[in-house]
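First the structure, in the form of structure tokens, and then the observations on it.
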Amino acid sequence: MWRATSWNPPYIHLQCGCGKEWGLEDMFFCFPCSKALCPYCVTEEIDSFYCRNCMENMPNTEAFAFKNKCARCFQCPACFSTLQILLNSTRQQKLYHFGCQSCYWDSMSLGLFGNSLNELLMSNQDYFMKDNPLQDQLKILIDTYKEACRNRRKIGVKYLQKETWTFEDLENSVQPKPLINPVQRIEHQSPGFDELLNEDINYNEITSMQQRLSNAGAQPRELNKASAQPIPLLTRRSKRCKYCKKYVVKPETNQSFSNPFKMENLLVYFFPRIYIREIKSNSLILLLINPTAAVAYIRLEGDKVPPSELHLDSYDPVMDLVTSEGSSLDESLIIEREKNTISIEVGKPSNDIWISAFWKFMRGQDVKEFEIKIHIKLA
Amino acid sequence: MEPVKVFYNKKEYLETHTGNKVCRKSLIRGSHNIHLNGKCIISPGVVIRGDLAPVKIGKYTIFKEDVVLRPSYKRAKGKLKYITMQIGEHVLIEEGSIVCASKIGNNVHVGKNCIISHRCVLRDNCKIEDGAILSPDTEVPSFTIYGGKPATYLADMPDSTVFMHTELTQGYYNRFLPLA
Ligand SMILES: [Zn+2]
Ligand SMILES: [Zn+2]
Ligand SMILES: [Zn+2]
Ligand SMILES: [Zn+2]
């Protein structure tokens, strides 16, 4: 997934409880835990599969059967754009084949054509949906691994229930059992340098790494052996908090709704936007903007940061209405207050500034408070 | 850093009562066919071919310098027929892009010097990278990034896209101020 976090200084990042730093845009908020979460602190679940070309939703079972690929749409092995089905008709017969409109790749030379649309799709499925030669070996490995996991769990339960441990028990629990035959060394003569040099290769025809890996089963070396590829499916994913397992983000299954989410607890909705307004020789002017619909409070703590509790008014741009609440305990820290924005001055001990922020905001009738570390990097 | 304010010369811009800011140095053909829903910014050098087919543009849509909007055509019964171009709300199209899409959803970000070919459909909350060329009839799903020549799927957008993009275009409009 593409991240919105920028790593070009000057930037302002937030530190998740796990220690990683992220931009505000990439973070989530878990209400039961009152915790800001980074993308590594959420677990993802696939809700549905869809094809990016025909936009068709696919049930999980069907997606599994087609190896997470669309059965009807194909992409060009050379430039990865969507292939069109072309009709090459002569007096004797009609021939359907795949063609790329961008790079003029054609499936005729591969022998990939059919007298009808169905025949073409079937012939490509034969060509492409066939099993990977390494599949059986991989299956043995996966089964062995699963078996080992199951055994370990069983052993764990058995020994946990035991009250007294003997040396024998310990030995049994630790003793590794040969689960799979070790890999045999194969005598293989790698080609010499001279051989490689004298090999007759048209380097324009050699596939690039991306082209090769897009077809992991065959990994063709020459482009003229690469075939039309079914388009991999994309997914809609919901995200759960890693700590309490509650949902943080849940996509809308009905795509006709205008809001794409059923639930979206993103930190951008609840945490103030922080911008640098001005960098002075030994101080920094920060801009804080309250995105929530109610008055919120912030307390900053850090090296050369005046201890303070400040309030941020809320602003409704549609009604053009500012909700205010008197003045903060120490209004002198605020350089400027305008609508839902305040600007404050903090000290600049070095180019790396760490500030702890205690943020208190309203959500409906509840007051939520949490602490987060802000990292300001100037250069 | 704090987002910068952009100042414009009041004499060079036409302002409508719905808040559209249209530069006089843009080329707009068939203005009766162009529907601006308010709070749009049309920068210098923008070309909108409303004479070919109707162009509908949603709120807070920003066209930077030298963007070309040209409705796409369909071949029906051996004739070329131009079809309505629909552009949603909070769409940002950067400098020098040529857009012939038939439909653009909400919160779409099109980078610099892109070519969006005929009959493309860009769904809500997607992004087209700088310099991308979308081949005709491409459909870009929601929450994806497309890029390259020809443009293909690259990655997914973060979930905060809806909010951040709305803020970006609204902020750009609010910081687009007349020179005092
Ligand atoms: Zn984390
Ligand atoms: Zn498909
Ligand atoms: Zn191609
Ligand atoms: Zn939680």
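Lettering of chains follows the sequences in order, A, B, ..., and the numbering in each one begins at 1.
For the atom pair CD (Gln101(A)) and CG (Asp137(B)), the distance works out to 8.5 Å, reported to the nearest 0.5 Å. From Tyr153(B), atom OH reaches atom CG of Asn53(A) across 14.0 Å, with rounding to the nearest 0.5 Å.
When all heavy atoms of Ser160(B) and Leu266(A) are compared, the pair lying nearest together is CA-CD1, 3.6 Å.
The shortest distance between side-chain heavy atoms of Thr144(B) and Leu234(A) falls below 4.5 Å. Looking at heavy atoms from C-beta onward, Lys239(A) lies in side-chain contact with Asp159(B) at the 4.5 angstrom threshold. Taking 4.5 Å as the limit, every side-chain heavy atom of Asp124(B) sits out of range of all side-chain heavy atoms of Pro260(A). With a 4.5 Å cut-off on side-chain heavy atoms, Pro141(B) and Met55(A) count as touching.
The neighbour count for Phe7(B) CZ, taken as heavy atoms of other residues, nucleotides or ligands under 6.0 Å away, is above 12. Annotation for Arg24(B): atom CZ counts as buried by contact number, over 12 foreign heavy atoms lying within 6.0 Å. Summarising the local packing, NZ of Lys59(B) is surrounded by 12 or fewer heavy atoms from other residues, nucleotides or ligands at distances under 6.0 Å.
Contacts between Thr82(A) and chain B at a heavy-atom distance below 4.5 Å are absent for every atom of the residue. At a 4.5 Å heavy-atom cutoff, the contact between Glu25(A) and chain B is made by backbone and side-chain atoms alike. For Val268(A), the parts sitting under 4.5 Å from any heavy atom of chain B are the backbone and the side chain alike. The part of Glu167(B) that comes within reach of chain A is its side chain, from C-beta onward, which places non-hydrogen atoms under 4.5 angstrom from that chain. Interface remark: Val140(B) contributes backbone atoms only to the contact with chain A (heavy atom separation under 4.5 Å). The part of Arg273(A) that comes within reach of chain B is its side chain, from C-beta onward, which places non-hydrogen atoms under 4.5 angstrom from that chain. For chain B, the nearby part of Phe261(A) is the side chain; its heavy atoms alone come within less than 4.5 Å. Proximity to chain B is absent for every atom of Ile274(A), based on heavy atoms less than 4.5 angstrom apart. Residue contact with chain A, scored on non-hydrogen atoms closer than 4.5 Å, involves the side chain of Asn125(B) exclusively.
With chain A as the partner, the residue from Gln170(B), Met164(B), Lys149(B) showing the most heavy-atom pairs under 4.5 Å is Met164(B). Between chain B and the residues Arg277(A), Gln75(A), Glu278(A), the most heavy-atom pairs under 4.5 angstrom are made by Arg277(A).
Scanning residues 97-116 of chain B against chain A with a 4.5 Å heavy-atom cutoff picks out nothing at all.
Salt bridge status for Glu139(B) with Arg52(A): absent, with no side-chain N to carboxylate O gap under 4.0 Å.
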